[in-house]
Amino acid sequence: WAIQFSRAEFEANGGMFFVMSAITLFLHAIRAKKLIFFILSAIVFAVSVYFYRSVVLFTPCILMALLIIFWKDVLQLKGKIGLFLIFFVILAAPMYKIITTSNGLIRSNQVSVFNNDEDLKIKLSLLNQKAGNTFFSKIIYNRRIADIEIIVGNYLSQFSPDFLFFRGDIYNGRHGPRNMGMLYLWEIPFIFIGLFFLIKYIPPPTKYILLSWILLAPIPAALSVPNPHALRGLNILPMPQLVSAIGIFVVFFILKKKWKTIYVITTSAVIILFFALYLNNYYGYSARATSAEWADGYKQLFRYIFPREQHYEKIVVSGHYWKPYIYVLYYKNYDPAKYQKTGTEHGFDKYLFGGVKWGKGEYELGNVDLKKWAHANKLLVALSPEEYATQKNNLHELTRIYNHNNELVFIVAETK
């Protein structure tokens, strides 16, 4: 789980680092009772919310849990805690202000549970009508109850064995190796042992901190779709690793001396074996199976386009798969300062980019008058096969771009 998101530099991974650092600083502040550590903790907590949306929600949740767990210290150190909260609010407020604007809510609305259960709402409405549209039927077949049911189901799915140990995040190939869970199979017994030991024997406040972390982490994923979701549930790290480590050490200490060496050798061998299987999957099967989801095809596309761009007035690239401007900037080694001054995600220099059909206010290029849209006649066009199928009478095909799985990604053409 950790390797998958750290190697690809997902922003949530950075957010997770700052959350962990902020909690560590807060605990040190409670122990040392020094203002400097409270201030540092507040600053780092605030920094964390600027990384990823799930961290925006998780950070205040875990912060509230810490304040409740240490309520006696909070009352004793209320002056320092007050300054801690003031620093956090002031520094984090701009982010919370941004995400509550209409533009800031676009992505949240796209994945929100409350905007993605239309089929269920229609079904409930029909059931309500069939039941006679009575007072009790309105209560039973209420969309708000349905929303709660969905959220609870989403929350529990983050702890499902299928997600954690067997198939992982099946909705997004970038979120884990295929046909493997987010955790290793060998961890199953140790996690159960570790949880039992944690609940029964580890004293507060450590017990409450770890359990709060585990129970609060899935909340951002529970409020969104699809589920389970490895990226939005990333905040749970490093709790599974810590709990399984507790389980490993508990077994070690309860074993008789003559079995300890055998246990260490056997456990180490099993861990190494599963890690090797993971790496083989990661670099082998999964690399091929998920290449399209890692934007395989863009590099090949721009290797073809860049040497030819001077022969055309405009270069039009489909947004069918996502935001193509990123790949032009990257493969062209485009000057960031220049882009920030003159470019947008919709175009810069000769380049114009289409949108995705599910994006708000965006559209694909299949049914667009390309010359009129680009305000130019001589165009080099890269379209998805679906878009090209409706535009082929207006274009002259030049080449086809395939990914490493020999799947057709783009058809490159010029206007007639």
Side-chain angles (χ1 to χ4, degrees), residues 2 5-6 9-101 104 108 194 197-199 201-221 223 231-243 245-246 249:
F5 293 105
S6 63
E9 295 183 346
F10 279 77
E11 57 267 45
N13 202 65
M16 183 186 71
F17 165 78
F18 282 99
V19 169
M20 291 165 56
S21 301
I23 292 172
T24 303
L25 285 166
F26 182 86
L27 297 177
H28 192 72
I30 288 290
R31 184 181 301 160
K33 296 180 171 52
K34 290 185 178 181
L35 179 60
I36 183 63
F37 292 114
F38 283 109
I39 300 302
L40 287 173
S41 176
I43 292 170
V44 179
F45 264 126
V47 169
S48 72
V49 305
Y50 287 88
F51 278 81
Y52 191 63
R53 293 300 176 89
S54 67
V55 184
V56 168
L57 184 56
F58 176 69
T59 292
C61 288
I62 193 67
L63 184 51
M64 182 63 68
L66 290 172
L67 294 175
I68 292 172
I69 291 168
F70 292 100
W71 66 272
K72 290 182 180 178
D73 298 277
V74 169
L75 292 177
Q76 183 185 352
L77 303 166
K78 56 187 176 182
K80 293 174 181 176
I81 294 292
L83 286 172
F84 163 81
L85 292 173
I86 289 170
F87 265 83
F88 172 74
V89 170
I90 291 174
L91 294 173
M95 182 58 180
Y96 287 97
K97 183 179 179 181
I98 289 169
I99 64 172
T100 54
T101 63
S108 298
F197 188 85
L198 169 62
I199 294 169
Y201 295 108
I202 292 182
T206 304
K207 175 196 300 187
Y208 299 140
I209 296 168
L210 301 185
L211 289 176
S212 296
W213 197 325
I214 292 168
L215 295 174
L216 293 173
I219 289 176
L223 297 175
L231 182 57
R232 297 185 194 118
L234 190 67
N235 297 304
I236 201 170
L237 300 185
M239 291 301 106
Q241 292 87 344
L242 181 59
V243 171
I246 291 171
F249 276 93

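Atoms considered below: every heavy atom in the structure, side chains included; atoms not considered: hydrogens, waters and symmetry mates.
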Any side-chain heavy atom of [X] sitting closer than 4.5 Å to one from [Y]?
{"X": "Asn235", "Y": "Ile62", "value": "no"}
{"X": "Met16", "Y": "Phe51", "value": "no"}
{"X": "Leu234", "Y": "Tyr52", "value": "no"}
{"X": "Ile236", "Y": "Phe58", "value": "no"}
{"X": "Pro238", "Y": "Met20", "value": "yes"}
{"X": "Leu27", "Y": "Phe70", "value": "yes"}
{"X": "Phe18", "Y": "Val55", "value": "no"}
{"X": "Tyr96", "Y": "Val49", "value": "yes"}

Can you give me the closest heavy-atom contact between [X] and [Y], atom names plus distance?
{"X": "Leu57", "Y": "Pro220", "value": "CD2-CA, 3.8 Å"}
{"X": "Pro218", "Y": "Ile214", "value": "CD-O, 3.3 Å"}
{"X": "Ser54", "Y": "Arg232", "value": "CB-O, 3.7 Å"}
{"X": "Ser48", "Y": "Gly15", "value": "CB-O, 3.9 Å"}
{"X": "Ser41", "Y": "Ala22", "value": "OG-O, 3.0 Å"}
{"X": "Ala2", "Y": "Asn13", "value": "O-OD1, 4.3 Å"}

> Can the ring centres of Phe84 and Phe26 be said to be less than 6.0 Å apart?
Replying inline: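 Yes, ring centres under 6.0 Å apart.
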Pairwise distance [atom1]([X]) to [atom2]([Y]) - rounded to 0.5 angstrom:
{"X": "Leu25", "Y": "Ile39", "atom1": "CG", "atom2": "CD1", "value": "11.5 Å"}
{"X": "Trp213", "Y": "Leu242", "atom1": "CH2", "atom2": "CG", "value": "9.0 Å"}
{"X": "His28", "Y": "Ile36", "atom1": "NE2", "atom2": "CD1", "value": "11.0 Å"}
{"X": "Lys72", "Y": "Ile30", "atom1": "NZ", "atom2": "CD1", "value": "13.5 Å"}
{"X": "Leu40", "Y": "Thr24", "atom1": "CG", "atom2": "OG1", "value": "12.5 Å"}
{"X": "Phe45", "Y": "Ile43", "atom1": "CZ", "atom2": "CD1", "value": "12.5 Å"}

Is the number of heavy atoms from other residues, nucleotides or ligands within 6.0 Å of [atom1] ([X]) greater than 12?
{"X": "Phe197", "atom1": "CZ", "value": "yes"}
{"X": "Lys34", "atom1": "NZ", "value": "no"}
{"X": "Phe87", "atom1": "CZ", "value": "no"}

> What's the verdict on side-chain contact (heavy atoms from CB on, under 4.5 Å) for Phe38 and Leu77, showing C-alpha distance, side-chain angles and the deciding distance?
Replying inline: CA-CA 10 Å; Phe38 283 109; Leu77 303 166; 3.9 Å; yes
> Counting only N and O atoms by type, is there a donor-acceptor contact under 3.5 Å from the side chain of Lys207 to the main-chain atoms of Leu198?
Replying inline: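 Checked: no pair found.
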